[in-house]
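Indexing begins at 1, ligand by ligand and atom by atom, following the structure's order.
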Amino acid sequence: MKLKSLDIGRLSTKNNLFLAPLAGFTDYAFRSICYEMGAGLCFTEMVSAKGLLYNSEKTKDLLFTTPSDYIKAVQLFGSEPDIMEVVCKSEDLKDFDIIDINMGCPVPKVFNNGEGCKLMETPVLAGKLVSSAVKSGKEVTVKMRLGIERGKDLAVELAKAAEDNGAKLITVHGRYREDYYSGEIDFDKIAEVVSAVKIPVIANGGIFTKQDADLCMEKTGAAGVMLARGALNRPWLFSEISGRTVKDKKSVIKRHIDLLLQKYPDKYVAINMRKQMALYLAGLKDAKKYKIKAFEATTTKELKAIINELNL
Ligand SMILES: Cc1cc2nc3c(=O)[nH]c(=O)nc-3n(C[C@H](O)[C@H](O)[C@H](O)COP(=O)(O)O)c2cc1C
């Protein structure tokens, strides 16, 4: 794919290769790694608007950023326009440039609360959420799916409602809620959204190789792509898509650890890295053996020793 800068309202990204919001993973450290690998824009994981309103410290910790977040983009989930407005204007989000509103999350806890993907059924309310967030003066974007069930497409109407209410970019995950995270991406349906709005549309879903990214761009006509699980296992996928190779992948993983150590104590980092190590190890020779070792490690020194042994 051809990399190019994208305009999101008054902001311009370095390129059109984005990192998705990923709950439990896209913290400041992982975002830094992805920026270093060549990502053009990285989002925080989804953050509860209500959690921020009620001053939850755990929720606020998700907002931690570093200068590598050259454009600061937070994803919020919620369903109440008044709360959205208050939170977007609040001190907590003062440093953020972009508010992305989650309209794609399929999990029952969120969906049954009228949030995430459920908003696809109520485009008028979804539009109000966008216009409420826009009042903060920040650029507002929306991430959605194709709909809830196959045969009932909701993305075009929702995208238009978002655009009419001031959204400056839309990301479409080319699956339905009933698919969760499996199955083929429907490029044609993403292309329908691309044709329906004037603002840039980013295509998301199923991109694990450079070829996947090229095909997705060609078939959808999207302005860019967003990597999710493909980047979780292999953040150097950003470099590969950009046409560069990362020779020393072990150093990337060790740097991930070092970035976490800038904020958290050693033991916390060693334990917190376990889930990420499992992803880095997936598909490697002797992955099971190394995973057991990594899950037993309680210091980052031990983890780094394991990384040095990998055949990466
Ligand atoms: C572990 C995990 C956490 C996720 N967290 C979020 C999230 O916080 N916000 C969001 O909009 N999507 C979230 N998603 C969905 C991804 O952003 C993306 O849309 C989806 O994984 C499809 O892309 P992929 O097929 O390339 O993985 C999550 C997905 C996974 C697997």
Asker: So which heavy atom in the protein is nearest atom 15 (C) of ligand 1, and how far is it from that ligand atom?
Answerer: Tyr181 CE2, 3.6 Å

Asker: Check whether any heavy atom of Gly230 sits under 4.0 Å from an atom of ligand 1.
Answerer: no

Asker: Is the distance between the ring centroids of Tyr70 and Tyr35 under 6.0 Å?
Answerer: yes

Asker: Scan for side chain to side chain donor-acceptor pair (under 3.5 Å) pairs involving residues 157-180, sequence neighbours excluded, and state none if there are none.
Answerer: Arg150-Asp179, Asp153-Tyr176, His173-Arg175

Asker: Any idea which protein heavy atom is nearest atom 26 (O) of ligand 1, and the distance to it?
Answerer: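 Answer for atom 26 (O) of ligand 1: Gly206 N, 3.3 Å.
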
Asker: Tell me the protein heavy atom at minimum distance from atom 30 (C) of ligand 1, and give that distance in Å.
Answerer: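 The answer is Leu22 CD2, 3.6 Å.
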
Asker: Can a donor-acceptor pair be found between the side chains of Asp266 and Thr300 at a distance below 3.5 Å?
Answerer: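 Result is yes, a qualifying pair exists.
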
Asker: Does Glu302 use its side chain to pair, donor to acceptor, with the backbone of Thr298 at less than 3.5 Å?
Answerer: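 Yes, because the side chain of Glu302 sits within donor-acceptor range (under 3.5 Å) of the backbone of Thr298.
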
Asker: Report the member of Ala20, Cys105, Ala23 with the shortest heavy-atom distance to atom 4 (C) of ligand 1.
Answerer: Ala23

Asker: Would you please classify the geometry between the Tyr28 ring and the Tyr264 ring as parallel, tilted or perpendicular, with 30° and 60° separating the classes?
Answerer: tilted

Asker: Among protein heavy atoms, which sits nearest to atom 16 (C) of ligand 1, and what does the distance come to when rounded to 0.1 Å?
Answerer: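 For atom 16 (C) of ligand 1, the nearest protein heavy atom is Lys143 NZ, 3.7 Å.
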
Asker: Between Arg244 and Glu240, does at least one N-O distance fall below 4.0 Å, as a salt bridge requires?
Answerer: no

Asker: Can you tell me the protein heavy atom closest to atom 23 (O) of ligand 1 and the distance?
Answerer: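 Scanning the protein heavy atoms, the shortest distance from atom 23 (O) of ligand 1 goes to Asn204 ND2, 3.2 Å.
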
Asker: So which bit of Arg175 gets within less than 4.0 Å of ligand 1, heavy atoms only: side chain, backbone, both or neither?
Answerer: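 For Arg175, only side-chain atoms sit under 4.0 Å from ligand 1.
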
Asker: Of all the non-hydrogen atoms in the protein, which one sits nearest to atom 14 (N) of ligand 1, and at what distance?
Answerer: Pro21 O, 3.6 Å

Asker: Can you tell whether the side chains of Lys254 and Asp248 come within less than 4.0 Å, N to carboxylate O?
Answerer: no

Asker: Could you list the atoms of ligand 1 found under 4.0 angstrom from a heavy atom of Gly205?
Answerer: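 Contacts of ligand 1 toward Gly205, numbered from 1: 23 (O), 24 (P), 25 (O), 26 (O).
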
Asker: Show every ring pair (Phe, Tyr, Trp, His ring centres under 6.0 Å) that has at least one partner inside residues 74-111, sequence neighbours left out.
Answerer: none

Asker: May I ask you to identify the nearest protein heavy atom to atom 27 (O) of ligand 1, giving residue, atom name and distance to one decimal place in Å?
Answerer: Arg229 NE, 2.6 Å

Asker: Nearest protein heavy atom to atom 9 (N) of ligand 1, by residue and atom, and its distance?
Answerer: Gln75 OE1, 2.8 Å

